[in-house]
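Let me begin by presenting the structure, written as structure tokens, before commenting on it.
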Amino acid sequence: MTMENESKKKLRIKNESDDEDDKPLSKVKKPPILDDNEDSEDEPLSSKSNKRKGSPATSSSSKKAKKESKIKKETTPTPNGNAKIRKEKSPKLEDNKEAVDEDDEDKDDGEEEDDGTYKWWEEEDEDGSIKWKTLEHKGVLFPPEYETLPSHVKLYYDGKPVDLPPAAEEVAGFFAALIETDHGKNPVFQKNFFNDFLEVLKESGGANVRIEDFEKCDFTKMFAYFELKKEEKKSMTSAEKKAIKAEKDKVEEPYKICLLNGRKEQVGNFRVEPPGLFRGRGAHPKTGKLKKRIGPKDITLNLGKECPVPPLPAGQKWGEIRHDNTVSWLAMWRENVLGGVKYVRFAANSSLKGMSDFKKFEKARQLKDHIEAIRKDYKRLLKDRVMLNRQIATATYLIDVFALRAGGEKSDEEADTVGCCSLRFEHVTLSPPNTVIFDFLGKDSIRFYQEVQVDLQVFKNLKLFKKSPKVPGDDLFDRLDPSILNKFFQKYMPGLTAKVFRTYNASKTMQDQLDLIPNEGTVNEKVLKFNAANRTVAILCNHQRTVSKGHETAVQKINDKIKELIWQKIRCKRMMLMIEPSLKKKKSAFFEEIDDLTKEDQLTIHKLIIERETNKYHSKFKRENDKKKEENEDLLPESVLLDNLKKVDELKKEYEKELKSGKPVLPANMTIEKLEQQIEKFEQRITNTELQLKDKEDNSQVALSTSKINYIDPRLSVMFCKKYDVPIEKVFTKTLREKFLWAIESVDENWRF
DNA sequence: CGGGTGACTTAGCAGAGGGTAC
DNA sequence: GTACCCTCTGCTAAGTCACCCG
């Protein structure tokens, strides 16, 4: 990995001198065309290539760009009434009001009277940089102290039991719990864990046995102990479980809510992350490293000046107390593995989060008014003679059409994943005339694989960007990074960045898909259609999930079910012919399928049925006898079971005969009409089951939730529900309903994205 | 003026919890 | 009532983007 990165860097440097190639392009005097309908601001675009070539700096672009966007803000016809849903003078709500909270259900009869919940979306919006006036909360909840294992549970080294100091035992335990998982089997994870483990062991005084080789460590006893504990927990009575839950709730309670400007709001992650082993995604070089325990001294609290500082046990102190009302976090600490900052924030249903969510979608909606111009421009710029402009245009195309992420640069301390700007030579394969194969790992090391047709000029450009001397490891967009791209976007619309395209295209796609759904059928059918629309969006955004363990068998089961239904149907048709042989000629199409199932197929189905029946009687017998045993009654004689099994045996014989003759036994009183009805029923069930199967298959690798939570404007879902008479619970879970309350309350069936 | 980093959104997964079939 | 399965929630890693500082 290091090697790769090394070579990447080298190649990049080499690239700079390869300017030769594009000189014909970049030398051209002509200013970037983008500006032709703007006044005359070409600098921001050429800034990076200027830098690369070390040309005399242009008078700082960023300030200008800022100024410019400000000017634009004023001149651009503001996207009108979109910004506010409803306006209201809404009083400041000086305290006392917060006495009412959770019981909003009963309260919302008179919604003009906004007691209960705070309807921020009906308020006048300020500039947004001040997040709060007062903020009061109880701080954070720390994980419990480590409890040492019973003395008989130990790590074994080279066959010998090891006495570990508690600190080291804890770390060993972190690993022991994972030995059966992919992480535990990952050599990088093992190595990183082991290094940190040895360190902790040394610091905590060492063990009775000298430990130096990971391979000689035996964690199985510890693992078994954890498994045992899990079992114990599972087999607790529900009363015990309830008691534990109640205790947990009680401890959590104070932390759950805070006071924001005097109003109650929920806190999100008030729990400090417990120590453990870092579980990086994909091929993360630091995966397995020890994530250290965080104490009060590591925590910075953020709250109002006048608010009481949450107390701590004697002798302990908070790391720092801040009163920063320009940020929306309540507490913060630095984490040791990546050196990043972790925050305690408001919950998703809080007004602050809701507001910024609303703004996000409004911004995306605003893009509607500019997208045409942007597309027109980038199509033109694809042929621009300035290399940078071509790269900007091509990247914009990829972001717009394939919903790629911006793709910022990453260090080699992280997994090697890419987005648009960081795409490399090897991630794109070109096949004339215009087929492109994308194959790379994106965010969370999720594979992006797509074989697509692109605009001819895009194809040519990609070819140009791959031109020798570029080789695998080189950046495709060697002039580009997200900040250049975003500066380009800001020219069209203030606040427009690469990620807005994803939101826009996702919501736009959803709107278009919903428009195609006819208002008919049952609620469940409509929900299925809704999910299908959702799935289109999820696919666009490449939201995946790993196929669940049981998926394969579940699919097999459904397939068996379908086969059996088909068999039943065919059987009915055969019976019809037994009653009325002349039908075969009269309705030949109808009877076409009667020989579709092979003997083997039929036999398999028979076997399945027989097996099922046998099991049924066995378990019935057992169940009834268990009950009798418990009630001290006489047990059923074996003969009861045997009688039932005899019935199964007769059925089996019947099937055997049927298989030979091709003729089922005709039940008494059977008529053509009855059979027709049955066939219809079977056909219905077959269609339903097939739909169910398709849904399952289609969904097995696609995660719908991510787009529903982050990309699809919730007002679309609300609109759908109102328009199609679908209860909102069918598309939003309880948490989502809370998160999207602002959307649920503010739109009707005519709303459009 | 560009690299680092703070603050925020977006992401998949594990485990809890709740519903359903037997 | 139990086993199983699927959905939902909580968790925390991994992105994006703006701003700050040397």
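Chain identifiers are assigned alphabetically (A, B, ...) following the order of the sequence lines, protein sequences preceding nucleic acid strands; residue numbering begins at 1 within each chain.
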Requested in this report: Answer yes or no: does a side-chain N or O of A:Arg405 lie under 4.0 Å from OP1 or OP2 of B:dA11?
Outcome: yes
Report task. May I ask you to check whether over 12 heavy atoms, not counting those of A:Lys185, lie within 6.0 Å of atom NZ? Result -> yes
Query raised in the report: More 5' along DNA chain B: A:Lys245 or A:Arg334, using each one's nearest nucleotide?
Result: A:Arg334
Query raised in the report: Under 4.0 Å between a side-chain N or O of A:Lys291 and OP1 or OP2 of C:dA13?
Result: yes
**Report entry** Phosphate OP1/OP2 of B:dT10: any A:Lys360 side-chain N/O under 4.0 Å
**Finding:** yes
Requested in this report: Have a look at A:Ile709 and say if it touches a base, only the backbone sugar-phosphate, or nothing, with a 4.0 Å heavy-atom cut-off.
Outcome: nothing
**Report entry** Residue-phosphate contact under 4.0 Å: A:Arg271 side-chain N/O, C:dC11 OP1/OP2
**Finding:** yes
Query raised in the report: NZ of A:Lys561: more than 12 outside heavy atoms within 6.0 angstrom?
Result: no
Report summary line: Atom CD of A:Glu252 and atom C1' of C:dT9 are separated, to the nearest Å, by 12 Å
Query raised in the report: Is any side-chain nitrogen or oxygen of A:Lys499 closer than 4.0 Å to OP1 or OP2 of B:dT10?
Result: yes
Query raised in the report: Is there a side-chain polar atom (N or O) of A:Arg502 under 4.0 Å from OP1 or OP2 of B:dA11?
Result: yes
Query raised in the report: What about A:Phe448 and A:Phe402, are their ring centers closer than 6.0 Å?
Result: no
Query raised in the report: From the list B:dG12, B:dC8, C:dG15, which nucleotide is the closest neighbour of the side chain of A:Arg281?
Result: B:dG12
Query raised in the report: At under 4.0 Å between heavy atoms, what does A:Thr417 touch on the DNA or RNA strands: base, sugar-phosphate, or nothing?
Result: sugar-phosphate
**Report entry** NZ (A:Lys256) with more than 12 external heavy atoms under 6.0 Å
**Finding:** yes
Requested in this report: Report yes if at least one side-chain N or O of A:Lys342 is closer than 4.0 Å to OP1 or OP2 of C:dA13; otherwise report no.
Outcome: yes
Report summary line: Of the candidates B:dA7, B:dA11, C:dA18, the side chain of A:Tyr711 sits closest to B:dA11
Report task. Please check the phosphate of C:dT9 (OP1 and OP2 only) for any side-chain N or O of A:Thr735 closer than 4.0 Å. Result -> yes
Report task. Look at A:Asn486 and C:dC17 and indicate whether a side-chain polar atom (N or O) is within less than 4.0 Å of OP1 or OP2. Result -> yes
Report task. Tell me what A:Lys286 touches on the nucleic acid: a base, only sugar-phosphate, or nothing, going by heavy atoms under 4.0 Å. Result -> nothing
Query raised in the report: Are any of A:Ser356's side-chain N or O atoms less than 4.0 Å away from OP1 or OP2 of B:dC8?
Result: no
Query raised in the report: Are A:Ser483 and C:dA18 close enough that a side-chain N or O sits under 4.0 Å from OP1 or OP2?
Result: no
Query - A:His284 side chain near C:dA14 phosphate (N/O to OP1/OP2, under 4.0 Å) - result: yes
Query raised in the report: For A:Gly280, which contact category applies under a 4.0 Å heavy-atom criterion: base, sugar-phosphate, or nothing?
Result: sugar-phosphate
Requested in this report: For residues A:Tyr711 and A:His543, establish whether the separation of their ring centroids is below 6.0 Å.
Outcome: yes
Query raised in the report: Below 4.0 angstrom from OP1 or OP2 of B:dC13, is there any side-chain N or O of A:Gln544?
Result: no
Requested in this report: Give A:Ser328 one of three labels, base, sugar-phosphate or nothing, depending on what nucleic acid heavy atoms sit under 4.0 Å from its own.
Outcome: sugar-phosphate
Requested in this report: Return no unless some side-chain N or O of A:Lys233 is found under 4.0 Å from OP1 or OP2 of B:dA16.
Outcome: yes
**Report entry** Candidates A:Leu303, A:Asn302, A:Leu135, A:Thr300 - the one meeting side-chain contact (heavy atoms from CB on, under 4.5 Å) with A:Asp324
**Finding:** A:Asn302
